Amino acid sequence: MAQKLLPSGHLLEMFMPYRSDEAKMIGVLKKAADFGFYKNVELGIFFDKENRKRVRAELEANGLNGTTFATPYVKDQKISLCDLDEGARKKAVALVKQLADYAAETGYSNFGVPSGDDPGPVFRGLAKCALAESMMEIAEYIKPLGMNLTIEPLDRYAFKKQLIGPMEENVVWFKAIHDACPNTFIHWDSAHEALAGIDLMHSIELASPFLGQFHLCDAIVDPKEPCFGDLHMDVARAPEWKTEGFLTPEVGAQILRKVASYDKPEGMKQVYVAVEVLGHPGDDLWLKENHARAFLKKCFELASMEA
């Protein structure tokens, strides 16, 4: 295999009810680090300076890499990096830069941003130009901070209806950004590709030169089903490993093998894979984490790869 993949824990998503409780999230980080399984953790932004110091100390003490996403905070403000109104776009860029400063202080190395909603075919080209301008400005800003910028292509026509969608189109648009700013990468997600009806292996092949991190995420892809869509549903569990979605451990293993067959993108120190499931208020969140971790281990095992 061309590269070794390492396991990541998407703690922000699994422990989403704790997102605004920074003390609880630090407790989650400490407990997850004690498992000794995760080599990367995906967490939220910490707005308290002392908490940023605490998280950084935990990451360094446990030899963990850190990843974060500006996505929920940008959406909270109802602003977009692809806004055709220049003032509104600049407001989104300014917020993302502020979040990037916090992320750098916390010790994160990968910083993800959202594309924004698809404005429709008439304005799509202009929106993609606006997003490219935003991304290059942010990438240049975070380069001296020691961070890579990632963007996650979402489904454009099925569920999330975001600007950056079909991988065939996306990689053409993204190459120019990556050529100008080599610290930009694609965050690949299995659910969005499946919902878009894109062959997963072909999608990985297209994204491979830029694929800096990825998620194994299940989804029900039949629009006639009541739970259709990108709901970050729970994964299949032992011993049956059954799912109403598409993501069996065998499919997960196939994805791992395919990604690992390509060279690691230049400039990305390590490529990490996480299972993405959403925690809801009232859930047994640690049981959810246990199931996600067991699923990821099973995928590595079936792929004959050491986690």
Side-chain angles (χ1 to χ4, degrees), residues 1-13 32-33 36-43 59 62-69 71 103 107-113 135 139 142-143 146-154 164 167 170-171 174-175 177-179 181-194 198 200-217 235 247 249 251-276 292-293 295-307:
M1 295 210 173
Q3 65 171 306
K4 178 179 173 60
L5 304 176
L6 294 180
S8 174
H10 197 345
L11 304 181
L12 172 62
E13 195 74 6
F37 175 69
Y38 298 123
K39 304 298 185 258
N40 178 74
V41 287
E42 301 175 28
L43 292 161
L59 296 178
N62 290 281
L64 290 171
N65 194 69
T67 293
T68 195
F69 307 94
T71 306
Y108 298 145
S109 64
N110 292 343
F111 182 77
V113 294
M135 284 196 64
I142 70 173
K143 186 176 180 180
M147 290 191 298
N148 289 322
L149 181 67
T150 65
I151 187 165
E152 181 178 351
L154 306 181
I164 301 305
M167 195 60 71
N170 176 61
V171 293
F174 186 79
K175 184 179 185 302
I177 297 171
H178 182 76
D179 287 347
C181 301
N183 64 324
T184 55
F185 298 91
I186 287 175
H187 179 123
W188 190 90
D189 183 288
S190 61
H192 297 300
E193 300 307 290
I198 300 170
L200 297 179
M201 298 303 105
H202 181 54
S203 174
I204 293 169
E205 180 182 355
L206 291 168
S208 61
F210 319 110
L211 203 161
Q213 60 188 49
F214 65 108
H215 285 160
L216 299 178
C217 187
V235 288
L247 188 65
V251 172
Q254 186 182 17
I255 291 170
L256 293 183
R257 285 194 297 267
K258 185 69 170 178
V259 175
S261 71
Y262 293 100
D263 289 334
K264 182 172 53 184
E266 186 177 352
M268 183 60 69
K269 293 180 180 178
Q270 183 62 54
V271 175
Y272 299 96
V273 53
V275 168
E276 185 172 30
R293 183 159 35 100
F295 182 86
L296 187 54
K297 286 182 177 179
K298 184 68 174 177
C299 291
F300 271 97
E301 176 190 326
L302 292 177
S304 300
M305 295 166 59
E306 181 183 352

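From a predicted model like this one, the values you see are computed outputs, not experimental measurements.
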Would you check, one step at a time, whether the test side-chain contact (heavy atoms from CB on, under 4.5 Å) holds for Leu200 with Val251?
-> CA-CA 9 Å; Leu200 297 179; Val251 172; 4.1 Å; yes
Return the minimal non-hydrogen interatomic distance between [X] and [Y], and the atom names on each side.
| X | Y | value |
| --- | --- | --- |
| Leu302 | Ala253 | CB-CB, 3.6 Å |
| Met268 | Lys264 | O-CD, 3.2 Å |
| Tyr38 | Leu64 | O-CD2, 3.0 Å |
| Leu59 | Asn65 | CD2-O, 4.2 Å |
| Ala2 | Ser261 | CB-O, 3.4 Å |
| Cys181 | Thr184 | O-OG1, 2.7 Å |

Sub-3.5 Å donor-acceptor pair from the side chain of [X] to the main-chain atoms of [Y], do we have one?
| X | Y | answer |
| --- | --- | --- |
| Lys4 | Glu306 | yes |
| Thr68 | Leu43 | yes |
| Arg257 | Ser304 | no |
| Gln3 | Pro265 | no |

Hey, does [Y] have a side-chain heavy atom less than 4.5 Å from the side chain of [X]?
| X | Y | result |
| --- | --- | --- |
| Thr67 | Glu42 | yes |
| Pro153 | Met167 | yes |
| Asn40 | Leu6 | no |
| Ser190 | Ile255 | yes |
| Asp189 | Glu193 | no |
| Leu256 | Phe214 | yes |
| His10 | Phe69 | yes |

Measuring from [X]:[atom1] to [Y]:[atom2], what's the distance to the nearest 0.5 Å?
| X | Y | atom1 | atom2 | result |
| --- | --- | --- | --- | --- |
| Leu211 | Phe185 | CG | CZ | 10.5 Å |
| Glu276 | Ser8 | CD | OG | 10.5 Å |
| Thr71 | Leu12 | OG1 | CG | 9.5 Å |
| Leu5 | Gln270 | CG | CD | 7.5 Å |
| Ile142 | Leu149 | CD1 | CG | 4.5 Å |
| Leu206 | Ile198 | CG | CD1 | 8.5 Å |

Does the side chain of Asn110 pick up a donor-acceptor pair with the side chain of Gln213 at under 3.5 Å?
->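 Short answer, yes.
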For the residue pair His215 and Glu13, confirm or rule out a side-chain donor-acceptor distance under 3.5 Å.
->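 Short answer, no.
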Please assess Ile164 against Phe174 for the test side-chain contact (heavy atoms from CB on, under 4.5 Å), listing each intermediate value before the final yes or no.
-> CA-CA 10 Å; Ile164 301 305; Phe174 186 79; over 6 Å; no
Candidate pair Asn170 and Ile186, rule side-chain contact (heavy atoms from CB on, under 4.5 Å), full reasoning | CA-CA 10 Å; Asn170 176 61; Ile186 287 175; 3.4 Å; yes
Phe210 vs His178 aromatic rings, parallel, tilted or perpendicular, using cut-offs 30° and 60°?
->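 Correct class here is perpendicular.
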Is the NZ atom of Lys143 crowded by more than 12 outside heavy atoms at less than 6.0 Å?
->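 At most 12 heavy atoms, drawn from other residues, nucleotides or ligands, come within 6.0 Å of this atom.
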